[in-house]
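A quick write-up on the structure given underneath.
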Amino acid sequence: MRKAFVIVSILLLVSFVLQFVFAAVGGFTKPAGDGAYALHSVNGMAVIPVLTVLTALFAALAKAPGRIIGLAVLPIGLVVVQALIAMLANASTDAAGVSTPLGLTIAGLHAVNGIVAVHVVVAVVRAARQLDRPELVAAAPVTVREGEPA
């Protein structure tokens, strides 16, 4: 199960990297229509949540510490926050549907939250790899000075 935890957490990280690529595709599509962010939306609202649930499940099955399992679940909460930020940014347009400075500022938080989510997933991948290789921790030399308790 530990190998599966590592693999699915890496897949989650890849999905998050692709999320940034899909956002760039939407941002640079000309003319920008309703479908410009379709890949970004599908990945963010379907693929990432499924991979997050699988990551948390495999973390639990791998008997990871509770902190790591909680960290593995956290991206779902961040995805919910992402959706709320996007809705709030879209709702902050003027009567003609044009972006406002407030709406653009809120939209910037969408990117910041995405960066936070990537950092969380990187921490999950590192924890999964560490859990998969416990002998590296056990083999690390410990320096004990004379007269100090071990």
Side-chain angles (χ1 to χ4, degrees), residues 1-140:
M1 283 298 129
R2 290 179 176 191
K3 287 279 186 218
F5 178 35
V6 171
I7 291 167
V8 77
S9 66
I10 290 171
L11 289 174
L12 180 60
L13 181 58
V14 168
S15 185
F16 267 97
V17 169
L18 287 173
Q19 188 68 348
F20 280 89
V21 172
F22 296 153
V25 167
F28 289 105
T29 297
K30 302 294 180 217
D34 290 338
Y37 288 96
L39 291 172
H40 183 74
S41 294
V42 169
N43 191 52
M45 298 307 248
V47 177
I48 287 175
V50 168
L51 286 173
T52 300
V53 169
L54 288 174
T55 300
L57 176 68
F58 283 118
L61 292 174
K63 297 183 179 161
R67 183 186 74 77
I68 295 172
I69 296 170
L71 199 61
V73 172
L74 185 56
I76 287 180
L78 294 172
V79 166
V80 170
V81 170
Q82 283 292 77
L84 293 173
I85 291 171
M87 289 182 342
L88 191 58
N90 287 334
S92 298
T93 57
D94 65 12
V98 177
S99 297
T100 62
L102 175 64
L104 293 172
T105 303
I106 294 169
L109 296 175
H110 185 80
V112 171
N113 189 55
I115 292 168
V116 169
V118 168
H119 281 21
V120 168
V121 176
V122 166
V124 171
V125 170
R126 286 183 177 162
R129 288 179 140 175
Q130 187 68 34
L131 190 66
D132 190 41
R133 292 187 253 157
E135 69 278 356
L136 294 179
V137 174

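Starting from 1, each residue takes its place in the sequence as its number. Note that these values count all heavy atoms, side chains included, but never hydrogens, waters or copies made by symmetry. Just so it is clear, the model here is predicted, and its values are computed rather than measured.
In this structure a side-chain-to-backbone donor-acceptor pair under 3.5 Å is missing from Asp132 to Val6. For the pair Asn43 (side chain) and Ser15 (backbone), a donor-acceptor distance under 3.5 Å is present. Here the side chain of Ser92 pairs a donor or acceptor atom with the backbone of Leu88 at under 3.5 angstrom. A distance-only check finds no donor-acceptor pair linking the side chain of Gln82 to the backbone of Asn113 [under 3.5 Å]. Between the side chain of His40 and the backbone N or O of Phe22, no donor-acceptor pair lies under 3.5 Å. Of the possible donor and acceptor atoms, none in the side chain of Thr29 sits under 3.5 Å from a partner among the backbone N and O of Ala32.
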Task: Working for side-chain contact (heavy atoms from CB on, under 4.5 Å), residues Met87 and Asn90 - done: CA-CA 5 Å; Met87 289 182 342; Asn90 287 334; 5.8 Å; no
TODO: For Val125 and Leu13, run side-chain contact (heavy atoms from CB on, under 4.5 Å): C-alpha distance rounded to whole Å, both residues' side-chain angles, the deciding distance at 0.1 Å, then the answer.
DONE: CA-CA 8 Å; Val125 170; Leu13 181 58; 4.2 Å; yes
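Looking at every heavy atom in both residues, Ile68 comes nearest to Ala127 through CD1-CB, 3.7 Å. Contact detail for Phe5 and Ala64: the closest heavy-atom pair is CE2-CB, 4.5 Å. Heavy-atom minimum distance, Ala72 versus Ala59: CB-CB, 4.5 Å. Contact detail for Val79 and Gly44: the closest heavy-atom pair is CG1-O, 3.3 Å.
No option in Leu71, Leu12, Leu74 other than Leu71 meets the side chain to side chain contact (heavy atoms under 4.5 Å, CB included) test with Val124. Among Leu131, Leu61, Leu57, the one residue that satisfies the side chain to side chain contact (heavy atoms under 4.5 Å, CB included) test with Met1 is Leu61.
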Side-chain donor-acceptor distances from residues 47-55 under 3.5 Å, at least two apart:
unit_1, atom_1, unit_2, atom_2, d
Thr52, OG1, Ile48, O, 2.7
Thr55, OG1, Leu51, O, 2.7

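Side-chain contact between Val122 and Phe16: absent, with no pair of heavy atoms (C-beta onward) separated by less than 4.5 Å. Side chains of Phe58 and Ile7 form no contact here, defined as non-hydrogen atoms less than 4.5 Å apart. For the pair Val121/Ser9, no side-chain contact is recorded, criterion being any heavy-atom separation below 4.5 Å from C-beta on. Contact check for Asp94 versus Thr100: side-chain heavy atoms found under the 4.5 Å cut-off.
In this structure, the separation between CG on Leu109 and CG on Leu104 is 11.5 Å, given to the nearest 0.5 Å.
Heavy atoms of other residues, nucleotides or ligands lying less than 6.0 angstrom from CZ of Arg129 number 12 at most.
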